[in-house]
Amino acid sequence: MGNEPNAELIAILTVYFVQGILGLSRLAVSFFLKDELLLSPVEVSALLGIVFLPWMIKPVFGFISDGLPIFGYRRRPYLILSGILGTASWASLATIVHTSWAATLAIALGSLSVAMSDVIVDSLVVERARGESQAKAGSLQSLCWGASAIGGLITAYFSGLLLQYFTTRTVFGITALFPLIVSGVAWLIAESPVSKDAEDSNHTNSLPIKHQLGQLRQAISQKTIWLPTAFIFIWQATPNADSAFFYFATNELHFEPEFLGRVHLVTSFASLAGVWIFQRFLKSIPFRVIFAWSTVLSSILGMTMLLLVTHTNRLLGIDDHWFSLGDSLILSVMGKIAFMQVMVLAARLCPSGVEATLFALLMSVFNSAGTVSHALGALITYWLGITATNFESLWLLVLITNLSTLLPLPFINWLPAAEEQTETSIDGEEGFLPDLMSELVLREPESKIVE
């Protein structure tokens with residue numbers, strides 16, 4: 001895909017791959033919270049909102065990484081630490097966690113592990129993506145998220161199959177092994193000590209903290225940055241019905257873990273297809289067009305869930321299982337295309353210099369919106385009286401959540417226009433922010449369960 005293969009690129013792709021592999025525990029977490037801790041749909045939604053917190057404070061990790069090197073290095077030590085934290089979190093779930101509060105803490109620690117490694121690896125990705133021409137726009141992001149999708153693809157089916165034969169805690173124990181891979185590949189990152197980099201007149205890898213804050217404040221004050229960021233927040237913050245639907249699928253439709261693993265396998269294939277479609281056909285299409293069409297189509301297609309929750313699909317002769325598979329496939333493709341566009345937009349909005357701060361700030365807004373989405377979903381679920389066994393109002397929740405996805409459309413003009421999008425600099429001196437670029441010496445990175 002136009003990127004030269006080397007040890008560092010392999011390390012970057014491995015980190016994304018491990019993020020996908022961690023999907024092995026996704027179903028185990030859901031069943032653990034539902035069946036062993038006996039949490040309700042509302043409680044699960046609230047818990048998911050809490051464990052999203054590390055993704056909301058990603059700029060903190062980027063800020064620490066850029067300004068506080070460990071033994072002179074800004075990347076390797078933090079990747080090593082993130083792998084150790086991840087293993088500790090999954091090992092604790094496999095052994096000592098027996099309460100909802102302990103589960104929240106352990107899952108949040110795992111989320112922290114992934115978020116930290118994500119900031120570090122994204123800083124490396126953005127450094128390389130900065131000088132991409134319009135023809136190559138998004139190619140490195142596509143490659144990285146493709147690696148994540150492949151990791152998810154490999155473990156998707158097994159996430160359900162393992163639960164047919166083993167306990168959730170056994171699955172957690174297996175998952176605990178994978179974060180250590182991140183710690184191992186950290187040594188492949190081509191990084192010189194900060195002291196050596198400082199001698200290079202062309203780069204300043206470690207900026208004074210005060211200067212970093214000044215650059216960040218100057219960047220986010222630009223209309224061309226905060227308007228698209230505000231749109232992304234509104235677009236992502238609309239309520240979702242994921243937790244309630246999981247209870248409906250398992251308690252009402254009686255879907256087995258093995259089948260849910262099959263669904264995850266389908267969605268992983270769909271994610272790969274979405275990455276390929278974006279890279280092959282859509283990467284040069286204006287942001288406004290992509291977001292408008294993907295929002296409208298996703299809302300329309302999401303309405304088909306009404307057929308399932310009202311059992312109308314059975315009157316049409318469509319089995320619940322087949323209906324769920326087909327619906328998940330199409331919606332996953334649409335979701336991944338929109339998500340890839342977010343990645344490209346975020347990378348292009350960043351000026352150049354404080355690698356792990358501004359991009360992480362933009363993506364933390366995206367992830368904060370995810371927390372708001374879970375919270376709103378939990379609130380509406382509570383208002384409608386939906387429980388682990390009462391799904392009479394689930395159709396209304398599906399209707400509300402799908403219609404709400406259309407709310408960002410009036411603000412579509414907050415995204416860069418087509419002529420602004422094509423203003424790409426080969427040398428990285430200009431992008432959306434030519435006025436800002438001339439003043440700042442900075443650049444930055446990004447942010448899935450957490451997807």
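Bear in mind the structure is a predicted one, so any value in this text is a computation, not a measurement. Positions are given from 1, in the same order as the sequence printed here.
Between Leu48 and Ser243 the shortest heavy-atom distance is CD1-OG, 3.8 Å. Minimum heavy-atom separation, Ile386 to Ala244: CG2-CB, 4.3 Å. Closest heavy-atom contact between Phe411 and Phe231: O-CD1, 3.3 Å. Shown here for Ser159 and Gly23, the closest heavy-atom pair between the two residues is CB-O, 3.8 Å. Scanning both residues, Leu93 and Ala106, for their nearest heavy atoms gives CG-CB, 3.8 Å. Taking both residues in full, the closest heavy atoms of Leu37 and His98 are given as CD2-O, 3.6 Å, listed atom of the first, atom of the second, then distance.
Lys34 has its side chain within reach of Thr250: a pair of non-hydrogen atoms, C-beta onward, lies under 4.5 Å apart. Residues Phe246 and Phe31 have side chains in contact (heavy-atom distance under 4.5 Å, counting atoms from C-beta outward). Residues Met334 and Ser298 form a side-chain contact, since some pair of their non-hydrogen atoms from C-beta on lies under 4.5 Å apart. In this structure, the side chains of Tyr78 and Leu68 come closer than 4.5 Å at one or more pairs of heavy atoms. With contacts defined as side-chain heavy-atom distances shorter than 4.5 Å, the pair His321/Phe259 qualifies. Taking the side chain as every heavy atom from C-beta outward, Ile290 and Phe278 never approach each other to under 4.5 Å. For the pair Ile107/Val97, no side-chain contact is recorded, criterion being any heavy-atom separation below 4.5 Å from C-beta on. Trp235 places none of its side-chain heavy atoms less than 4.5 Å from the side chain of Thr405.
Here the rule is side chain to side chain contact (heavy atoms under 4.5 Å, CB included) with Trp90, and of Thr95, Leu109, Leu22 only Leu22 fits it. No option in Glu258, Arg262, His264 other than Glu258 meets the side chain to side chain donor-acceptor pair (under 3.5 Å) test with Tyr157.
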Between Leu399 and Met303, does the side-chain contact (heavy atoms from CB on, under 4.5 Å) criterion hold? Intermediate values first, please. CA-CA 7 Å; Leu399 184 64; Met303 290 295 184; 3.7 Å; yes
Is there a ring pair (Phe, Tyr, Trp, His ring centres under 6.0 Å) between Phe391 and Phe248 once you walk through the steps? CA-CA 7 Å; Phe391 305 107; Phe248 175 76; 5.5 Å; yes
Passes side-chain contact (heavy atoms from CB on, under 4.5 Å), Leu24 versus Ile174? Steps please. CA-CA 9 Å; Leu24 181 70; Ile174 296 172; 3.8 Å; yes
Could you walk me through whether Ser65 and Ile120 pass the side-chain contact (heavy atoms from CB on, under 4.5 Å) check? CA-CA 8 Å; Ser65 171; Ile120 302 305; 3.3 Å; yes
Assess the residue pair Val333 and Ile277 against the criterion (side-chain contact (heavy atoms from CB on, under 4.5 Å)); give the C-alpha distance rounded to whole Å, side-chain angles, the decisive distance to 0.1 Å, and a yes or no. CA-CA 9 Å; Val333 171; Ile277 291 171; 4.0 Å; yes
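To the nearest 0.5 Å, the span separating CH2 on Trp414 from CD1 on Ile234 amounts to 4.5 Å. Taken from CD1 in Ile318 to CG in Leu307, the straight-line distance is 7.5 Å, to the nearest 0.5 Å. Going from atom OG of Ser111 over to atom CD1 of Ile50 covers 12.0 Å, rounded to the nearest 0.5 Å. Residue Ile70 holds its CD1 atom at 6.5 Å from CG of Leu81, rounded to the nearest 0.5 Å. Rounding to the nearest 0.5 angstrom, the gap separating the CZ atom in Phe269 from the CG atom in Leu329 is 10.0 Å. Taking OG1 from Thr381 and CG from Leu394, the interatomic distance works out to 8.0 Å, rounded to the nearest 0.5 Å.
Side-chain atoms of Arg288 come within 3.5 Å of backbone N or O of Asn413 as a donor-acceptor pair. Remark: the backbone N or O of Asn390 is paired with a side-chain donor or acceptor of Thr387 at under 3.5 angstrom. Between the Asn367 side chain and the Met56 main chain, no donor and acceptor come within less than 3.5 Å of each other. At least one donor-acceptor pair closer than 3.5 Å links the side chain of Thr87 to the backbone N or O of Ala176. Between the side chain of Thr312 and the main chain of Leu308, no donor-acceptor pair closer than 3.5 Å is present. In this structure, the side chain of Thr99 engages the main chain of Ala102 through a donor-acceptor pair within 3.5 Å. With hydrogens and angles ignored, the 3.5 Å screen pairs no side-chain donor or acceptor of Arg75 with any backbone N or O of Ile189. Not one N or O on the side chain of Thr401 forms a donor-acceptor pair closer than 3.5 Å with the backbone of Pro239.
In this model, no donor atom of one side chain and acceptor atom of the other lie less than 3.5 Å apart for Ser100 and Glu43. Looking only at atom types and distance, the side chain of Asn240 has a donor-acceptor partner in the side chain of Ser373 under 3.5 Å away. Glu252 and Tyr247 form no side-chain donor-acceptor contact under 3.5 Å, judged by distance and modelled atom types alone. Judged by distance alone, the side chains of Thr267 and Ser332 never bring a donor and an acceptor atom under 3.5 Å apart.
Ring planes of Phe281 and Trp276: perpendicular class, angle over 60° (limits at 30 and 60°).
The environment of Trp293 atom CH2 is sparse: at most 12 non-hydrogen atoms of other residues, nucleotides or ligands sit within 6.0 angstrom.
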